[in-house]
Amino acid sequence: MMQLYTPLHFFGTYYRMIQQNFIDMEKMFDLFEVEESVKDIEDAKELQVTKGHVQFDHVSFSYDNRQTALNNISFTIPKGATVALVGPSGGGKSTILRLLFRFYDPDSGRILIDGQDISRVTQASLRKAIGVVPQDTVLFNDTILYNIRYGDVNASDEDVYRAAKAAQIHDKILSFPDGYNTKVGERGLRLSGGEKQRVAIARTILKNPPIILLDEATSALDTTTERHIQGALADMTKDRTTLVIAHRLSTIVNADLILVVKDGKVAEVGSHDELIMNALARKNEGIYYEMWQKQLDDHPDSSQVTSGVATP
Ligand code: ADP
Ligand code: MG
């Protein structure tokens, strides 16, 4: 059981932290006896995921009823596709993921998974279907075993080891003083950003959800860690509908679809090649094209991930 010795008035902060980091802890809400910002409708049904097809249908949303975070957004993600959300900071990328996880309900429009409006299904069934790898993973003050098993509390030790291997963190764990029984978190062994992300990947592999939300780390990881994570991520997202807030050039180039999100709208949509071709046809005009040029300038060694389209 989680240990929380936090005074009640800190809950506001915690709630925001939960929403920022996608910790879905109904237990925590119960513990603090506060109301969640969304509620199950009276006769809410279980979400039935057959394909993992995600659709935003004219979705608008504002956090404070003044500034619009999402402005009439529509897009469709085919089953199993990987969609990269890119665009300037504050454009609405994280908000899209938070709405799909139903931390908030849209002010208008609908979000559908396999044709079912997510505001009409139980939150428990929705969140069971979605795995989240946040930018900054929160670890519980418990063993590394417990922290990975959080993805599926019924998983056997063997299952946990298998997930850790797939997430490329098993060997690392064996090198810890007490192996899988090593205490981690604030009061235990502190893990690096890359290690924490691999814990989140292991949790998600255990959870085995049909839909994955991924917020890539902005900070540059060292190349070995980066390579380890790339492999783990590729395995995890294979055949699963994946929405990723993408910072890595390799993710962006290889995505099935790129949504350029700006000012709460989908400003451009297409594959990498399509977006670049369109820009070239418009005398190099395009948000994505400009971002891509800038990324190439910032990462001159990224020629290894360039696609078929020639970039000057
Ligand atoms: P991105 O992920 O693309 O950087 P966000 O989805 O985080 O963008 O933010 C979209 C807009 O919503 C921004 O104007 C941002 O300031 C606002 N916003 C984000 N989170 C909150 C929040 N918790 N409360 C109020 N406004 C928020
Ligand atoms: Mg964000």
Side-chain angles (χ1 to χ4, degrees), residues 9-25 28-29 32 34-38 54 56-75 77 82-109 111 118 123 130-138 193 196-197 200 211-221 229 233 242-249 251-252 255 257-270 275 286-292 294-295 298:
H9 60 271
F10 281 133
F11 189 80
T13 315
Y14 263 94
Y15 190 32
R16 271 190 297 283
M17 186 186 85
I18 290 167
Q19 290 175 326
Q20 301 292 335
N21 297 297
F22 286 103
I23 312 169
D24 54 319
M25 291 187 279
M28 190 139 157
F29 291 119
F32 287 99
V34 290
E35 300 204 9
E36 299 180 55
S37 57
V38 296
V54 172
F56 274 57
D57 177 24
H58 298 282
V59 171
S60 292
F61 175 71
S62 160
Y63 286 95
D64 55 9
N65 289 321
R66 289 202 307 266
Q67 217 189 346
T68 312
L70 295 183
N71 187 356
N72 204 19
I73 277 205
S74 294
F75 60 85
I77 303 173
T82 292
V83 173
L85 305 176
V86 302
S89 175
K93 301 179 297 293
S94 296
T95 305
I96 289 175
L97 300 194
R98 289 183 201 129
L99 259 60
L100 183 55
F101 205 65
R102 209 179 160 213
F103 276 141
Y104 308 93
D105 283 323
D107 298 328
S108 61
I111 301 168
I118 64 167
Q123 288 168 78
I130 301 177
V132 181
V133 180
Q135 205 166 62
D136 192 15
T137 300
V138 176
K196 284 199 283 186
Q197 201 178 18
I211 297 167
I212 290 176
L213 310 184
L214 172 63
D215 202 343
E216 282 186 347
T218 32
S219 57
L221 301 162
I229 289 181
L233 286 175
T242 307
L243 278 85
V244 49
I245 297 178
H247 297 289
R248 298 181 187 121
L249 291 170
T251 306
I252 299 172
L257 197 68
I258 297 165
L259 299 180
V260 182
V261 182
K262 192 183 174 192
D263 299 332
K265 291 186 169 154
V266 178
E268 295 175 9
V269 56
L275 291 172
I287 302 166
Y288 181 75
Y289 182 82
E290 277 169 30
M291 285 181 51
W292 177 249
K294 191 177 172 305
Q295 292 239 26
D298 294 350

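Note: hydrogens, waters and symmetry copies are ignored here, and every other heavy atom, side chains too, is used. Read the numbers this way: they start at 1 and go in the same order the structure lists the ligands and their atoms.
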Over 60° means perpendicular and under 30° means parallel, so classify the ring planes of Phe61 and Tyr63, tilted if in between.
perpendicular

Gly90 versus ligand 1: do any nitrogen or oxygen atoms come within less than 3.5 Å of each other?
yes

Heavy-atom closest contact (Pro106 atom, Val59 atom, distance)
CB-CG1, 3.8 Å

Does Asp107 reach the main-chain N or O of Ser62 with its side chain, forming a donor-acceptor pair under 3.5 Å?
yes

So, 4.0 Å and heavy atoms of Gly87: is ligand 1 close enough to count as a contact?
no

Taking only non-hydrogen atoms of Gly91 and a 4.0 Å limit, the atoms of ligand 1 in range are 1 (P), 3 (O), 8 (O)

Do any of the N/O/S atoms of Thr95, backbone or side chain, fall under 2.8 Å from the Mg ion (ligand 2)?
no

Of the options Val86, Leu259, Ile258, Val260, which is the one that meets Glu268 in a side chain to side chain contact (heavy atoms under 4.5 Å, CB included)?
Val260

Under 3.5 Å between any N/O of Gly92 and any N/O of ligand 1: does that happen in this structure?
yes

How many angstroms lie between atom CG of Leu233 and atom CG of Leu214, to the nearest 0.5 angstrom?
5.5 Å

Any atoms of ligand 1 less than 4.0 Å from a non-hydrogen atom of Thr95? List them with their elements.
5 (P), 6 (O), 9 (O), 10 (C)

